[in-house]
Structures are given as structure tokens and as C-alpha cells.
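A short write-up of the structure that comes next.
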Amino acid sequence: MRNSRPIILFPLLCFLSSTISILCEPNTLVCNQKEKHALLRFKKALSDPDNRLSSWSVNQDCCRWEAVRCNNVTGRVVELHLGYPYDTDYLEFYSKFKLGGEISPALLELEFLSYLNLSWNNFGGRPIPSFLGSMGSLRYLDLNHARFAGLVPHQLGNLSTLRHLDLGYNSGLYVENLGWISHLAFLKYLSMNSVDLHREVHWLEFVSMLPSLSELHLSACELDSNMTSSLGYANFTSLTFLDLSANNFNQEIPNWLFKLSSLVSLRLIFNQFKGQISESLGQLKYLEYLDVSLNSFHGPIPTSIGNLSSLRYLRLLGNQWINGTLPMSLGQLKYLEYLDVSNNFFHGPIPTSVGNLSSLRHLDLSRNQLINGTLPMSLGQLKYLEYLDVCLNSFHGPIPTSIGNLSSLSYLDLYDNPINGTLPMSLGLLSNLEYLYVGWTSLTGTISEVHFTALSKLKGLSIYGTSLSFHVNSSWTPPFQLEYLEADSCKMGPKFPAWLQTQKSLFYLDFSRSGIVDTAPNWFWKFASYIEVGCHVCLRMLLR
């Protein structure tokens with residue numbers, strides 16, 4: 001009996017070997033002839049000005065055609081990747097290279113097609129073909145930015161195996177009844193950005209019936225407050241991404257939003273939301289991305305924001321009625337990388353707990369009413385900080401010397417604050433600094449070469465409207481090449497400084513009232529004539 005085992009195993013190994021060979025050698029595939037001719041009829045109905053489908057020839061196997069994918073075993077067509085490869089919807093020049101024309105019902109003959117991408121093409125305002133709803137094998141349908149228009153066909157609700165549906169950013173799509181969407185029980189991704197949903201008052205009820213939905217994109221859908229009044233909750237148990245930006249809610253944030261316990265990303269930008277942001281916000285413990293900018297909130301940031309322990313991105317800019325102080329609980333967000341609360345009415349000092357934001361890379365507190373305090377020394381603890389903007393506030397006192405610890409900083413804007421004292425020498429340690437704006441401050445004293453010791457990447461410098469003066473060695477050669485210098489009223493004389501003559505990359509220059517205009521060498525003006533238009537005006541004014 002032991003000798004029979006090799007005899008039994010040998011044909012099995014031969015079968016496995018031939019199967020593996022078929023799977024690993026797609027070049028041996030021959031596509032289905034019925035499907036090949038269906039694709040040729042589909043191509044004939046299209047316009048293809050860029051000849052992207054030139055490989056679609058009767059003389060070639062359709063499994064080798066551009067944008068066509070076949071099953072490795074059966075040779076049946078399963079995927080069509082016909083999206084335009086570049087996101088250039090707003091560049092009319094590229095429109096002439098995109099697919100257009102008619103979408104032929106010959107696609108119905110591709111009975112195993114599971115993936116269809118026609119995005120970023122130009123179908124000239126034609127309606128979405130209703131026959132797509134009969135393509136029962138589809139799992140992925142992407143029609144975004146393809147310039148379809150008209151009523152979204154309810155027949156799409158027949159695609160019972162669909163996982164991904166993107167109808168966003170077309171040319172006037174609208175929905176009258178969204179009931180069909182509730183039939184897509186396996187749908188994980190839904191984007192209807194810019195599809196007009198205002199006729200459907202029960203949109204939320206229907207969409208919340210999708211048990212597998214993970215991402216929902218409903219930006220610019222003309223939704224308003226009347227559409228959420230009939231529902232106090234939403235059963236989105238799997239939802240991780242929600243974008244309701246650019247609608248017209250004009251109400252407080254509905255409570256059901258704070259019960260979406262799985263949310264990772266929430267975008268509510270430009271929605272006319274009003275009232276206070278509820279302390280219930282702190283329940284979204286998995287949230288990593290939160291943007292509620294450009295609304296009409298009032299009151300303080302809820303202290304419960306400190307409970308969002310996974311938060312990496314927080315944007316609250318442009319809520320003109322947000323007020324109060326910045327909460328100390330912000331310092332609990334140890335993973336926060338991006339914080340923007342600009343263009344509000346926050347007052348009081350920057351909380352010292354900001355120094356605990358050990359992952360922070362971007363901090364924008366500009367255009368508020370932050371007063372009654374200096375810039376805290378704890379800012380120097382933000383070792384990964386790349387961008388710091390506190391302009392147009394009312395900070396006073398000196399620039400903290402700890403600023404020199406921010407070795408990753410590339411942008412520093414302290415413009416228009418009553419900051420006083422002198423420029424700290426530690427600024428000269430910021431080897432990655434590209435832009436430094438300290439104009440319209442109360443800084444005094446001198447600027448020496450020590451301030452620029454390591455600033456080899458400096459491109460922009462504004463000391464406009466200060467009482468600072470340059471005092472550098474006449475033989476000093478800067479380690480940088482400035483593109484932008486705003487030094488109106490800053491004393492730089494009496495002679496035209498040699499270091500300024502080395503700056504050959506300037507495109508914006510203002511040193512009026514600096515005491516050196518009359519001493520500029522003739523060749524400098526000749527060089528300056530090659531500076532861009534904005535600076536031509538500036539230089540001509542100086543020469544008057």
C-alpha cells in the first residue's frame with residue numbers, strides 16, 4: 001500500500017502545476033469573444049480625442065487592452081479603469097483629451113463586470129444611463145467629475161452587491177426620492193458631493209439604513225435644517241468618515257452627530273451652524289480629524305475636547321462668534337499635529353498646556369483678541385512645530401528665548417502685536433526658518449549677524465514698522481538669499497549695506513524711510529529692474 005501513494009500524488013501534482021501555471025501566466029488568457037465585440041461597440045459610441053483606447057483593436061486579445069482587466073482563470077472581463085488619469089476638471093485645456101459621447105448599453109453584455117470607473121471624463125451634461133442599474137455584478141461604480149446631469153436614476157438601487165458608489169461633483173445631478181439607496185445593503189462608500197438633495201426631506205432616514213456604510217460624502221448638496229427635524233438619531237454603527245460641508249443647515253449641530261461613536265473624520269465646514277458647540281463633542285473618542293470652520297458658533301470651545309485623545313487635526317477658523325478663552329484641556333491632545341483657531345474672538349492668554357502638544361506641527365492663533373499675556377515659554381517644548389502664526393492679536397512682553405528650541409520651525413509670524421523688548425539671539429538657531437514676520441511690533445534694539453547665524457533657508461523677512469535697526473559688520477555675507485524683504489522705517493544706514501547687495505533673488509523689496517535709498521549703487525537699480533511688477537512699483541516710488 002505504501003508504494004501506491006506516489007502513483008496517487010503524481011496526477012494531483014500535475015493538476016496543481018497546470019492550475020498554478022494558468023494563474024501565473026495571464027498572457028495565456030484569451031478573452032471572451034462576445035465581450036470583446038461588446039467592448040468594441042461601447043468604444044464606437046464614445047468620443048476619444050486623446051486616442052486613449054487605441055489598443056482596443058479587433059486584432060488583439062481584449063484582456064491585453066488598455067484599462068481592461070480580466071479574470072486570471074476564466075478570461076471574462078471584470079474591471080474597466082476608464083477614469084481620466086489626471087484630476088483636471090477645472091482646466092478646460094484638458095477637456096479635449098477626455099472621454100465623452102454616449103455610454104452604450106453594450107456594457108450589459110459584460111455580465112461579470114464588478115468594477116467600472118468613468119471618473120474625470122466629460123459626458124457633456126448627459127444623464128447617467130439607467131441601464132447601469134441592471135449590471136448586477138457591479139461592486140464599484142465611480143462616476144465622479146464626469147459631467148453627468150439630470151435625475152439620478154433610481155435603478156441604481158438594484159445594484160445589491162455594490163460596495164462603492166461615487167456620483168460626486170458632476171454638472172447638475174439631482175434626486176427627488178432617495179428611497180432606492182436603502183437597498184444597497186453592502187455599500188461601504190457613498191459620495192454624492194454636489195448632488196442636489198433638497199427635494200428629499202428624508203435623506204437621513206434612508207442613508208442611515210445602510211448597515212455597512214463607512215464613508216459618507218454629502219458636501220454641497222443643498223441640505224438645510226428642515227431635513228433633519230424628523231429624526232433625532234441616526235443608526236450609523238459603522239460610519240468612520242462624514243462630510244456635510246457647504247450646506248445650509250442654519251441650526252445647532254444635531255445631537256445625533258455626537259452619537260456616531262465610530263467616527264474618525266468629521267467635516268462640517270461652511271454650514272451656517274450656530275449656537276454653542278456641545279460638550280457632547282467629547283464622546284467622539286476615536287475622532288482624528290475635526291473641521292467645523294466657517295460657521296457661526298458662539299461661546300467657548302467645549303472643555304470636553306480634551307477627551308478626543310486620538311485627535312490629529314483640529315480646525316475651528318472663521319467662526320466669528322466663538323469667544324472665551326482657549327481651554328487648558330487642549331493640552332491633553334498629545335497626538336494633535338494641526339491646530340487652527342484663527343479669525344475668531346478668543347481672548348486671554350495662550351494656555352501654558354499648549355506646550356504639552358508634543359506632536360504639533362502647525363499652530364495658527366492669528367486674528368483673535370488674545371491679550372493679557374505674553375507668549376508662553378512652553379512654546380519652546382514643541383520640537384516638531386513647523387508653522388507658528390499669532391499675528392493680529394494683542395500679545396505683549398518679550399519673545400520668549402525658548403523660541404530657539406523650535407528646530408523644525410519654517411514659518412514664524414508675530415506681526416501686529418505689541419510685543420516689546422529685543423529680538424532674542426536664539427532666533428539665530430532656527431536653521432529651518434524660511435519666513436520671519438515681526439513687523440508692526442514694539443520691538444527695539446539692533447539686529448546683528450548673530451540673529452542670522454544658522455538661517456541659511458531664510459526667504460522672507462518683515463521688520464516693517466518697528467524701531468529695529470541693522471548693525472552688522474561691513475564684511476558680513478548673509479547665509480541666505482531673500483526673496484521678500486519688508487524693512488520700511490527700519491534703520492539700515494547710513495551707507496547702502498554690502499550684505500543687501502548680495503541678495504539677487506529679491507522679488508519684493510520695501511526699504512523706504514530706512515535711510516539708505518539715496519546711497520544705493522546705480523547697478524542695484526539696474527538689477528532691481530528685473531524684479532517682478534509688485535516691486536517695480538515699490539522701487540519707482542522710492543526713487544521719486
Side-chain angles (χ1 to χ4, degrees), residues 364 366 375 385-392 395 398-401 403-404 406-417 419-474 476-493 495-517 520 524 527-528 531-532 534-535 537-539 541-542:
D364 193 342
S366 63
L375 295 169
L385 197 66
E386 299 171 0
Y387 183 103
L388 175 58
D389 189 348
V390 297
C391 76
L392 293 159
F395 292 112
I399 299 172
T401 56
I403 205 87
L406 304 180
S407 58
S408 299
L409 200 65
S410 64
Y411 184 100
L412 176 58
D413 193 345
L414 308 176
Y415 187 85
D416 203 355
N417 280 283
I419 293 169
N420 53 38
T422 60
L423 277 178
M425 295 295 185
S426 57
L427 277 174
L429 302 175
L430 302 180
S431 57
N432 285 299
L433 195 64
E434 296 183 15
Y435 299 96
L436 174 61
Y437 300 106
V438 293
W440 285 112
T441 60
S442 299
L443 291 169
T444 58
T446 60
I447 302 174
S448 72
E449 54 263 46
V450 179
H451 289 102
F452 302 109
T453 302
L455 305 191
S456 60
K457 297 182 180 179
L458 195 66
K459 298 177 182 177
L461 175 62
S462 173
I463 48 180
Y464 182 94
T466 69
S467 297
L468 291 166
S469 60
F470 270 88
H471 189 271
V472 296
N473 192 293
S474 59
W476 177 62
T477 301
F480 50 75
Q481 278 291 320
L482 293 177
E483 297 174 358
Y484 178 103
L485 175 59
E486 192 176 40
D488 181 356
S489 79
C490 180
K491 300 303 178 186
M492 303 176 70
K495 295 182 179 179
F496 196 83
W499 72 266
L500 187 55
Q501 300 180 41
T502 68
Q503 303 301 292
K504 306 294 186 181
S505 300
L506 284 167
F507 68 82
Y508 183 93
L509 174 62
D510 184 353
F511 52 25
S512 58
R513 295 181 291 175
S514 62
I516 60 170
V517 175
F524 185 82
F527 156 70
I531 298 174
E532 290 186 5
C535 203
V537 176
C538 176
L539 289 171
M541 288 175 65
L542 294 174

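As a basis for the values below, the full set of heavy atoms in this structure was taken, side chains included, without hydrogen atoms, waters or symmetry mates.
One finds the OG atom of S431 at 10.5 Å from the CG atom of L409 (value rounded to the nearest 0.5 Å). The OG atom of S505 sits 12.5 Å away from the CG atom of L485 when rounded to the nearest 0.5 Å. We find the CZ-CZ distance between F470 and F511 to be 12.0 Å, quoted to the nearest 0.5 Å. A distance of 10.5 Å separates OG1 in T477 from CD in E449, rounded to the nearest 0.5 Å. One finds the CG atom of L430 at 5.5 Å from the CG atom of L427 (value rounded to the nearest 0.5 Å). Taken to the nearest 0.5 Å, the CG atom of N473 stands 9.0 Å off from the NE2 atom of H471.
The ring-ring contact (aromatic ring centres under 6.0 Å, His included) check on F480 picks up F452, with sequence neighbours excluded. Qualifying ring-ring contact (aromatic ring centres under 6.0 Å, His included) partners for Y387, counting only residues two or more places apart in sequence or in other chains: H362, Y411. Residues forming a side chain to side chain contact (heavy atoms under 4.5 Å, CB included) with S448 (at least two apart in sequence, or on another chain): M425, V450, H451. By the salt bridge (charged side-chain N to carboxylate O under 4.0 Å, His left out) test, D488 is found to be paired with R513, residues two or more places apart in sequence or in another chain being considered.
Nearest heavy-atom pair across S514 and C490 is CB-O, 3.1 Å. Heavy-atom minimum distance, A498 versus S474: CB-O, 3.6 Å. In terms of heavy atoms, N417 sits closest to C391 at ND2-CA, 3.8 Å. Residue L482 comes nearest to Q503 through the heavy atom pair N-OE1, 2.6 Å, listed as atom of the first residue, atom of the second, then distance.
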Discussion item. Using side-chain contact (heavy atoms from CB on, under 4.5 Å), reason through L500 and I516 one step at a time and then give a plain yes or no.
Written reply: CA-CA 11 Å; L500 187 55; I516 60 170; 4.1 Å; yes

What pairs of donor and acceptor atoms, side-chain ones from residues 433-445 against any protein atom, are under 3.5 angstrom apart with sequence neighbours left out?
from	atom 1	to	atom 2	distance (Å)
W440	NE1	Y415	OH	3.2
T441	OG1	V438	O	2.8

Could you give the side-chain donor-acceptor pairs of residues 457-468 under 3.5 Å, partners two or more places apart or in another chain?
from	atom 1	to	atom 2	distance (Å)
K457	NZ	N432	OD1	2.7
S462	OG	E486	OE1	2.8
T466	OG1	I463	O	2.9
T466	OG1	L468	N	3.3

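Although no hydrogens or angles enter the test, the distance criterion places a donor-acceptor pair under 3.5 Å between the side chain of Q481 and the main chain of T502.
Side-chain contact between L414 and L375 is present, with heavy atoms from C-beta onward closer than 4.5 Å. The side-chain heavy atoms of T453 and L429, taken from C-beta on, include no pair separated by under 4.5 Å.
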